[in-house]
Chemist: 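Have a look at this one.
Keep in mind the model is a prediction, meaning the values are calculated, not measured. Reminder, nothing fancy here: chain letters follow the sequence lines and each chain counts from 1. Every heavy atom of this structure was used, including side-chain atoms; hydrogens, water molecules and symmetry mates were not.
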Amino acid sequence: MSTDETGPAGSVPGRLEREAVGNGTSPPAGAAPGSGSPVIPYRFPDTTPLGEIVERFGALDPGVSTGVEVRVAGRVLAHRPQGRLAFSTLADWTGSLQLFAGAGFTEDFGELVRSRVGDWIGAEGEVVTTKRGELSIRVARWSLLARAARGFGDKWHGVQDPDARYRHREVDLWANEGPRAALLARSRVVSTLRRHLEGRGFVEVETPILHPLPGGATARPFVTHHNALRSDLYLRIAPELYLKRLVVGGFERVFELGRVFRNEGLSPRHNPEFTMLECYQAYADYRDMMELVEQLVAAAAVAVVGGTALSYQGRSLDLTPPWRRATMAELVGEAHGCTIHLEDRPHLESLARGAGIPVRGEWGSGKLLLELYEKTVEGTLWDPVHVCDYPAEVSPLARPHRSEPGLVERFESIVAGRELVNAFSELGDPEIQRRNFEAQAAARAAGDDEAMLVDEDYLFALEHGLPPAGGLGLGVDRLVMLLTDTANIREVIAFPTLRPLGP
RNA sequence: GCGCCUCUAGCUCAACGGCAGAGCAACGGACUCUUAAUCCGCAGGUUCUGGGUUCGAAUCCCAGGGGGCGCACCA
């Protein structure tokens with residue numbers, strides 16, 4: 001076998017046969033060992049994308065011969081042999097086009113007739129229209145590029161079983177319409193975010209994924225172990241602290257687009273690993289971040305759907321800047337028809353009990369306000385809102401509000417009832433930061449296993465001076481969900497986390 | 001982690017206590033303009049797994065496994 005230049009796929013047809021266990025398919029009878037089973041080429045260069053051909057020739061009259069020869073490659077999505085003629089639908093990632101073959105003008109016509117849905121094929125021929133007027137390639141020569149030994153699902157229904165779709169995404173991508181569009185949209189979103197930030201002078205950086213201490217968010221981490229260092233490390237729950245250390249180091253505008261990992265339950269809106277955009281801008285505050293969020297989201301929307309007004313899950317959604325800005329206290333007051341004062345704890349407590357929230361004694365009035373907001377307001381917000389001015393006690397990394405005691409300059413951007421962005425005027429005072437960390441550590445000691453730890457390296461960095469800065473974190477998967485009108489986060493992740501099969 | 005629903009041929013689904021079936025795919029054949037091509041033929045099963053009830057279980061019960069949704073947690 002090692003001397004056979006056609007390689008294993010072409011030289012050992014018997015192997016194909018043994019591996020074709022799925023649906024009982026096997027090579028055509030004509031491809032028995034030694035009797036000329038097709039030779040798979042190592043390359044098939046200089047092809048024209050099918051979408052380009054469709055666009056160039058558009059609508060022609062029936063029965064036209066253009067005189068233009070093209071070379072194309074793709075996957076057979078439908079196959080309609082008809083005696084001494086055969087029609088196939090070939091698709092690549094730019095579009096699809098019909099192949100038109102005939103015994104009188106196509107080399108190896110008999111073999112082409114035996115090709116199957118799912119096979120990869122390269123072909124050369126003239127661009128024509130058939131008698132019925134369909135743009136086609138009149139195949140003169142062709143080559144099998146890969147044999148599909150397994151099927152791609154039902155012709156009408158594709159593959160519907162979610163388990164099969166997510167476990168075998170390669171099948172899903174060919175068998176169903178939506179998934180490929182969703183992943184391409186995701187790519188456009190990421191590319192747009194990156195270009196937009198670079199256009200504003202931001203520099204993309206990469207910070208560690210293996211953290212000696214989890215930090216930058218309240219979440220349970222994944223733990224792993226480094227053998228040579230003989231120490232446990234944590235997969236990052238947020239890049240925040242490292243990015244701000246870069247700002248201390250003089251990187252005035254930084255961003256990172258990357259995966260973070262949180263050891264929490266799965267749901268249609270939560271995957272254990274997800275993509276977050278975080279950026280930090282020196283000399284800016286949280287109001288500047290609101291403007292940045294609006295421009296980033298609007299740019300992504302234009303890139304994917306062509307505008308900032310769209311439809312999500314049957315409801316219209318307008319992402320056009322500027323977005324509404326309201327404080328958390330205002331929104332909670334609106335919902336309950338009263339005025340909220342953070343210092344009026346008995347009032348907050350009675351509202352919470354009225355809303356059926358189990359109030360815990362150790363909660364401060366800030367935590368009470370946050371609970372009220374999350375349980376009674378957040379899910380009801382639809383069009384975008386920047387929810388501003390969070391309680392200090394639930395925001396250990398944000399800077400105290402310039403005029404409102406007990407609050408910090410923090411906002412979350414809520415779109416379609418869900419948190420899309422979390423952002424602050426960054427806390428640069430190392431003494432306040434140390435006190436906040438210590439309060440978190442105390443909560444952790446009291447049993448809150450999502451509370452933060454004291455990060456001495458981060459405090460050391462702050463002691464060298466963090467300039468005034470605004471920072472934001474944006475959930476990229478959720479943004480893609482909004483722009484592709486999908487309800488399940490797994491639809492916009494190529495290979496979502498699934499429970500492993502087997503014993 | 002808890003609750004509800006679900007799992008039948010490669011795929012999409014019937015059969016719902018009484019012989020496990022259809023369409024598509026695949027395989028063999030016919031067919032010179034098809035479009036979900038059509039027509040003829042052939043083959044395809046641990047009904048997710050293991051127990052139980054019953055004369056008889058895909059169907060009812062119990063346990064386990066995968067998935068979906070909801071709750072909790074969170075972005």
Side-chain angles (χ1 to χ4, degrees), chain A residues 20-30 62-63 77-89 96 98-106 109 113-114 116-118 128-136 138 148-168 171-172 174-176 216-220 237-238 260-278 358 374-375 378 412-415 418-422 448-450 472-479 481 487-490 496 498-503:
Chain A
V21 291
N23 56 3
T25 60
S26 58
L77 288 195
H79 188 48
R80 298 178 291 278
Q82 187 173 332
R84 293 171 62 77
L85 292 180
F87 303 86
S88 300
T89 304
S96 64
Q98 180 168 266
L99 295 183
F100 172 44
F105 54 86
T106 303
F109 176 77
V113 165
R114 276 188 285 274
R116 297 191 292 241
V117 170
V128 301
T129 52
T130 59
K131 281 184 189 171
R132 295 288 179 90
E134 178 155 348
L135 190 68
S136 306
R138 191 175 186 271
R150 296 178 186 270
F152 282 82
D154 188 89
K155 191 195 299 183
W156 308 354
H157 305 98
V159 179
Q160 299 301 320
D161 178 24
D163 192 33
R165 291 184 49 224
Y166 298 137
R167 285 191 197 280
H168 302 293
V171 174
D172 185 33
W174 281 108
N176 301 315
T218 52
R220 277 192 297 248
I237 56 175
V260 298
F261 308 86
R262 299 189 182 177
N263 205 341
E264 290 154 355
L266 288 73
S267 88
R269 289 162 297 282
H270 301 84
N271 198 59
E273 54 178 302
F274 63 100
T275 300
M276 179 127 87
L277 167 69
E278 282 204 11
E374 288 184 343
K375 296 292 190 295
E378 188 178 86
E412 289 191 357
S413 306
I414 307 301
V415 183
R418 295 182 203 140
E419 177 186 346
L420 182 66
V421 169
N422 184 17
D448 181 353
D449 57 2
E450 292 182 348
L472 71 83
L474 182 153
V476 173
D477 311 82
R478 289 192 173 174
L479 177 57
M481 288 170 69
N488 194 319
I489 195 169
R490 291 177 161 181
L498 298 172
R499 192 183 298 273
L501 291 178

Chemist: Please report the distance, rounded to the nearest Å, between CD in A/Q160 and P in B/A14.
Modeler: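 From A/Q160 CD to B/A14 P: 13 Å.
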Chemist: Within this structure, what is the CG-to-C1' distance between A/D163 and B/G65, rounded to whole angstrom?
Modeler: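 Distance, rounded to whole Å: 11 Å.
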Chemist: In whole Å, measure the gap between the C1' atoms of B/C62 and B/A26 for me.
Modeler: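 Going atom to atom, C1' in each nucleotide, I get 39 Å.
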Chemist: Is the distance from OP1 or OP2 of B/A75 to the nearest side-chain N or O of A/R262 less than 4.0 Å?
Modeler: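 Answer is yes, contact under 4.0 Å.
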Chemist: Which value, in whole Å, describes the distance between the C1' atoms of nucleotides B/A58 and B/C7?
Modeler: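 Each nucleotide's C1' atom is 11 Å from the other's.
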Chemist: Does B/G10 have a Watson-Crick or wobble mate here (both distances under 3.5 Å), and if so which one?
Modeler: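 When the pairing criteria are applied, B/C24 turns out to be the nucleotide that pairs with B/G10.
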Chemist: Let's test your reading of the model: under 3.5 Å, does the base of B/U35 pair with the side chain of A/E134 as donor and acceptor?
Modeler: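 Looking at the base of B/U35, it does pair with a donor or acceptor on the side chain of A/E134 (distance under 3.5 Å).
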Chemist: Between B/A14 atom P and A/H157 atom NE2, what is the distance in whole Å?
Modeler: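 Whole-Å distance recorded here is 11 Å.
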Chemist: Reckon A/F100 touches a base, only the sugar-phosphate, or nothing at all at heavy-atom distances under 4.0 Å?
Modeler: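 Result for A/F100 = base.
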Chemist: Rounded off to whole Å, could you give me the CG-to-P distance for the A/L266 and B/C71 pair?
Modeler: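 Rounding to the nearest Å, CG of A/L266 and P of B/C71 are 15 Å apart.
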Chemist: Report the nucleotide, chosen from B/C73, B/G70, B/C33, that has the shortest atom-to-atom distance to any side-chain atom of A/F87.
Modeler: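 The answer is B/C33.
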Chemist: If we take the C1' atom in both B/U12 and B/A30, what is their distance in whole Å?
Modeler: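 Taking atom C1' in both B/U12 and B/A30, they lie 28 Å apart.
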Chemist: Of the nucleotides B/A75, B/G70, B/A37, which has the atom closest to the A/I489 side chain?
Modeler: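 Nearest to the side-chain atoms of A/I489, counting from C-beta on, is B/A75.
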Chemist: Within the structure, does a side-chain N or O atom of A/R165 lie under 4.0 Å from either OP1 or OP2 of B/G67?
Modeler: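 Checking B/G67 against A/R165, no side-chain N or O comes under 4.0 Å of OP1 or OP2.
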Chemist: Do A/R262 and A/F274 make a side-chain contact, defined as non-hydrogen atoms from C-beta onward lying under 4.5 Å apart?
Modeler: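 The answer is yes, as the side chains (C-beta and beyond) meet within the 4.5 Å cut-off.
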Chemist: Would you say B/G67 has OP1 or OP2 under 4.0 Å from some side-chain N or O of A/R499?
Modeler: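 Yes, such a contact exists.
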Chemist: Give a yes/no on whether any side-chain N or O of A/Q82 is located under 4.0 angstrom from OP1 or OP2 of B/C33.
Modeler: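 Yes.
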Chemist: Which comes earlier along RNA chain B counting from the 5' end, the contact point of A/V117 or that of A/T218, where each point is its nearest nucleotide?
Modeler: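 Its nearest nucleotide lies further toward 5', so the answer is A/V117.
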Chemist: Please report the distance, rounded to the nearest Å, between CZ in A/R167 and P in B/G66.
Modeler: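 Interatomic distance, CZ of A/R167 to P of B/G66: 8 Å.
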Chemist: Base, sugar-phosphate, or nothing for A/G118, non-hydrogen atoms under 4.0 angstrom?
Modeler: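 The answer is nothing, as A/G118 stays clear of every strand by at least 4.0 Å.
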Chemist: What orientation do A/F87 and A/F100 show, parallel under 30°, tilted 30 to 60°, or perpendicular over 60°?
Modeler: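 A/F87 and A/F100: parallel rings.
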Chemist: Return the nucleotide paired to B/C73: Watson-Crick means purine N1 to pyrimidine N3 with N6-O4 or O6-N4, wobble means G-U with N1-O2 and O6-N3, both under 3.5 Å.
Modeler: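 By the stated definition (distances under 3.5 Å), nothing pairs with B/C73.
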Chemist: Which base sits across from B/G64 as a Watson-Crick or G-U pair, both distances under 3.5 Å?
Modeler: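 B/G64 is paired, partner B/C48.
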Chemist: Under 4.0 angstrom, heavy atoms only, what part of the nucleic acid is A/N422 near: base, sugar-phosphate, or nothing?
Modeler: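 No contact at all - A/N422 keeps every heavy atom at 4.0 Å or more from the nucleic acid.
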Chemist: With distance as the sole test, does A/R478 use its side chain to make a donor-acceptor pair with the main-chain N or O of A/E419 at under 3.5 Å?
Modeler: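 Answer holds: yes.
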Chemist: Reckon A/P81 touches a base, only the sugar-phosphate, or nothing at all at heavy-atom distances under 4.0 Å?
Modeler: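 Contact class for A/P81: base.
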Chemist: Distance check, P atoms only: B/U38 and B/A25, in whole angstrom units.
Modeler: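 Looking at atom P only, B/U38 and B/A25 are 8 Å apart.
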Chemist: Can you identify which nucleotide, out of B/C69, B/C11, B/G67, has its nearest atom closest to the A/N488 side chain?
Modeler: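 When the side chain of A/N488 is considered, B/C69 is the closest of B/C69, B/C11, B/G67.
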Chemist: With rounding to the closest Å, how many angstrom separate the P atoms on B/A57 and B/C48?
Modeler: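 Comparing P positions in B/A57 and B/C48 gives a spacing of 15 Å.
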Chemist: Considering every strand and a 4.0 Å limit on heavy-atom distances, what is the contact class for A/D161: base, sugar-phosphate, or nothing?
Modeler: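 Sugar-phosphate: the residue A/D161, judged by heavy atoms under 4.0 Å, touches backbone atoms but no base.
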Chemist: Within less than 4.0 Å of OP1 or OP2 of B/A37, is there a side-chain N or O belonging to A/R80?
Modeler: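 For B/A37, OP1/OP2 do have a side-chain N/O of A/R80 under 4.0 Å.
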Chemist: Provide, to the nearest angstrom, the distance between the NE2 atom belonging to A/H79 and the C1' atom belonging to B/A26.
Modeler: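 To the nearest whole Å, that distance equals 13 Å.
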Chemist: Where the side chain of A/S136 meets the backbone of A/R138, is there a donor-acceptor pair that is under 3.5 Å apart?
Modeler: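 Side chain of A/S136 to backbone of A/R138: no pair is present.
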Chemist: With a 4.0 Å cut-off on heavy atoms, is A/G83 in touch with a base, just the backbone sugar-phosphate, or nothing at all?
Modeler: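 Base contact.
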Chemist: Between A/K131 and B/U32, is there a contact of a side-chain N or O with OP1 or OP2 at under 4.0 Å?
Modeler: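 For A/K131, the contact criterion (side-chain N or O under 4.0 Å from OP1 or OP2 of B/U32) is not met.
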Chemist: Round to the nearest Å and state the distance from A/L99 atom CG to B/C33 atom C1'.
Modeler: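 Spelled out: CG on A/L99 to C1' on B/C33 is 15 Å.
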Chemist: Please figure out whether A/S88 or A/V159 has its closest RNA chain B nucleotide nearer the 5' end.
Modeler: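 So the residue in question is A/V159.
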Chemist: With a 4.0 Å cutoff (strictly under), does any side-chain N or O of A/N263 reach OP1 or OP2 of B/C73?
Modeler: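 No.
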Chemist: Under the 3.5 angstrom rule, does the side chain of A/T129 hit a backbone N or O of A/G63 as a donor-acceptor pair?
Modeler: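 Between the backbone of A/G63 and the side chain of A/T129 there is a qualifying donor-acceptor contact (under 3.5 Å).
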Chemist: Quick check against the 3.5 Å criterion: does A/N422 have a side-chain atom that pairs as donor or acceptor with the backbone of A/E412?
Modeler: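 Side chain of A/N422 to backbone of A/E412: no pair is present.
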Chemist: Is there a side-chain contact between A/V159 and A/D172, using heavy atoms and a 4.5 Å cut-off?
Modeler: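 In short, these two side chains do not touch, never coming nearer than 4.5 Å.
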Chemist: So, do A/F274 and B/A75 meet the stacking rule of ring centres under 5.5 Å and planes under 30°?
Modeler: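 Aromatic stack with B/A75 present for A/F274.
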Chemist: Can you check whether A/L474 reaches A/V421 side chain to side chain, under 4.5 Å on heavy atoms?
Modeler: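 They are in contact (side-chain heavy atoms under 4.5 Å apart), so the answer is yes.
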Chemist: Determine the interatomic distance between P on B/G45 and the same-named atom on B/U35; round to the nearest Å.
Modeler: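 Nearest-Å result for B/G45 against B/U35 at atom P: 32 Å.
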Chemist: Out of B/C24, B/G67, B/A75, which has the shortest distance to the side chain of A/K155?
Modeler: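 Shortest atom-to-atom distance from the side chain points to B/C24.
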Chemist: With a 3.5 Å cut-off and heavy atoms only, can you find an N or O donor on one side and an acceptor on the other between the side chain of A/D154 and the base of B/G10?
Modeler: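 Side chain to base: no pair present.
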Chemist: Taking CZ from A/R150 and P from B/C27, how many angstroms apart are they, rounded to a whole number?
Modeler: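 Atom CZ in A/R150 sits about 15 Å away from atom P in B/C27.
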Chemist: Would you say A/R116 and A/H79 make side-chain contact, with heavy atoms under 4.5 Å?
Modeler: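 The answer is no; the side chains never approach within 4.5 Å.
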Chemist: Find the partner of B/C39: check Watson-Crick (N1-N3 plus N6-O4 or O6-N4) and G-U wobble (N1-O2, O6-N3) distances, both under 3.5 Å, and reply none if neither fits.
Modeler: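 WC or wobble partner is B/G29.
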Chemist: When the C1' atoms of B/U6 and B/C16 are considered, how many whole Å apart are they?
Modeler: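 My reading of the C1' atoms in B/U6 and B/C16 gives 15 Å.
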Chemist: Distance between the C1' atoms of B/C40 and B/G18, in whole angstroms?
Modeler: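 Each nucleotide's C1' atom is 34 Å from the other's.
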Chemist: When you measure from the side chain of A/R116, which nucleotide among B/C24, B/U35, B/A26 comes out closest?
Modeler: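 Of all the options, the side chain of A/R116 is nearest to B/A26.
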